[in-house]
Engineer: 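Here's a structure for you.
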Amino acid sequence: MSTKNWPLWEVFVRSKNGLEHRHFGSLHAADAEMALENARDVYTRRNEGVSIWVVESKYITASNPEHNGEMFEPAQDKVYRHPTFYDLPDEVKHM
Amino acid sequence: MSEEQIKNLEEQFEARIARDEKIEPKDWMPEKYRQTHIRQISQHAHSEIVGMLPEGNWITRAPSLRRKVALLAKVQDEAGHGLYLYSACETLGISRDELYEQLHSGKAKYSSIFNYPTVTWADMGAIGWLVDGAAIINQVPLCNTSFGPYARAMVRVCKEESFHQRQGYEIMLKLCQGAPEQKEMAQDALNRWWWPSLMMFGPTDAESTHTEQSMKWKLKRKTNDELRQQFIDQTVPQAEILGLTIPDPDLKWNEERGSYDFGEINWDEFWQVVKGHGPMNKERMKARVGAWERGEWVRDAAMAHAEKQQERKEKQAV
């Protein structure tokens with residue numbers, strides 16, 4: 001039995017310049033450098049990326065879906081944040 | 001939580017799936033959903049990992065460099081697929097170590113097909129054509145399954161799988177266009193792999209215990225028998241193009257059904273192999289566990305190196 005297991009890393013890949021890095025999956029690696037190398041082999045075998053970010057999973061703070069109510073519902077009744085909330089006559093152009 | 005509260009949550013949960021909403025790792029889920037998914041996703045991951053062994057057998061003996069790079073790439077894909085699936089499985093709260101432990105102790109199963117030996121080069125063709133072909137049919141519906149991480153992993157797997165099948169079929173095609181001995185080798189591989197490939201779809205619907213629940217959770221979109229029939233219907237014409245004979249005297253086109261009728265599958269053999277008495281069960285586990293144990297010092301050394309680097313960095317920062 002190994003003394004210590006390799007930690008878990010999350011992998012983010014930019015598929016081409018102009019696009020943001022997107023979460024691709026995760027993997028285990030001993031350190032950041034190895035995580036990058038493994039991410040290259042696991043997630044970009046067919047030119048899926050031009051840039052990779054890795055971050056140890058334990059450093060990610062995630063919201064709890066059980067609190068989605070408090071978290072996201074306040075935005076639901078704020079229709080005045082959307083352009084369609086405002087009634088304008090059809091004659092008004094370019095707006 | 002009271003029983004009634006749980007029942008309530010379960011109803012909401014089933015309704016979400018029925019509306020085609022995805023379930024993500026941190027969402028509440030019934031314990032049975034979690035356990036079923038751990039079982040299925042890990043079995044799937046284990047199958048990819050053990051699936052490398054029968055083909056790894058031929059990498060050093062591939063007949064040309066072209067075949068060798070293709071086979072290497074295919075086996076590397078299988079390692080990748082295993083890793084996508086293990087990480088999807090880990091989001092359900094089980095560690096990679098526990099998953100490996102389940103595989104190595106024999107507690108977890110993997111696809112029985114990998115317990116058959118690969119005795120000639122033609123087996124590389126038959127595996128790509130038939131085994132990957134059957135896997136594709138099993139896997140495509142999973143791209144829409146209800147558990148988000150599994151569905152996303154499957155999208156990636158399915159994209160890569162098509163090359164596997166085509167490279168296998170090409171091997172068969174070349175053998176069938178070659179010398180009579182080569183064609184015979186291709187026929188022999190088809191004879192050995194046909195029935196085990198049909199068994200990959202699992203027991204008949206009448207015998208399958210998990211189907212109803214799995215359908216509800218979209219772990220299955222079609223039944224075992226439907227998928228098996230689909231495989232047969234699309235594979236028979238491919239065998240005709242090769243000029244090979246499917247080893248089933250009862251196979252014949254049924255005009256009325258618009259499908260092929262086929263002979264009885266030897267389910268005794270299927271259960272024997274599932275229970276560990278297939279020709280290669282012991283050999284596969286020995287190879288897998290051996291590789292894991294022989295790799296231990298490498299894993300430990302990598303970890304020790306990482307810690308040392310980290311310490312050095314911290315010292316320099318002071």
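Order of the sequence lines fixes the chain letters, A, B, ..., with proteins taken first and strands second; residue numbering starts at 1 for each chain. The structure displayed is predicted, hence computed values, not measured ones.
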Engineer: Heavy-atom distance under 4.5 Å to chain A: side chain of Phe163(B), backbone, both or neither?
Structural biologist: side chain

Engineer: Judged by modelled atom types alone, do His44(B) and Tyr150(B) share a side-chain donor-acceptor pair under 3.5 Å?
Structural biologist: yes

Engineer: Taking the six-membered ring where the residue is Trp, are the ring centres of His81(B) and His164(B) under 6.0 Å apart?
Structural biologist: yes

Engineer: Looking at chain A, which one of Gln309(B), Glu307(B), Glu160(B) has the largest number of heavy-atom pairs inside 4.5 Å, strictly under?
Structural biologist: Glu160(B)

Engineer: With chain A as the partner, which of Glu24(B), Arg152(B), Lys26(B), Glu293(B) has the greatest number of non-hydrogen pairs under 4.5 Å?
Structural biologist: Lys26(B)

Engineer: Please flag which part of Glu33(A) lies under 4.5 Å from any non-hydrogen atom of chain B: side chain, backbone, both or neither.
Structural biologist: neither

Engineer: Taking side chain as everything from C-beta outward and backbone as N, CA, C, O, which of these in Ala32(A) sits under 4.5 Å from a heavy atom of chain B? Side chain, backbone, both or neither.
Structural biologist: neither

Engineer: Should the heavy atoms of other residues, nucleotides or ligands under 6.0 Å from NZ of Lys107(B) be counted, would the total exceed 12?
Structural biologist: no

Engineer: Mark yes or no for whether Trp6(A), through its side chain, and Arg299(B), through its backbone, hold a donor-acceptor pair below 3.5 Å.
Structural biologist: yes

Engineer: For this output row, return yes or no: ring centroids of Phe13(B) and Tyr33(B) closer than 6.0 angstrom.
Structural biologist: yes

Engineer: Side chain, backbone, both or neither: which part of Ser57(A) has an atom under 4.5 Å from a heavy atom of chain B?
Structural biologist: neither

Engineer: Pick from Ala302(B), Ala88(B), Ala79(B), Ala304(B): which one has the most heavy-atom pairs with chain A under 4.5 Å?
Structural biologist: Ala302(B)

Engineer: Do the two ring centres, one from Tyr84(B) and one from Tyr43(A), sit under 6.0 Å apart?
Structural biologist: yes

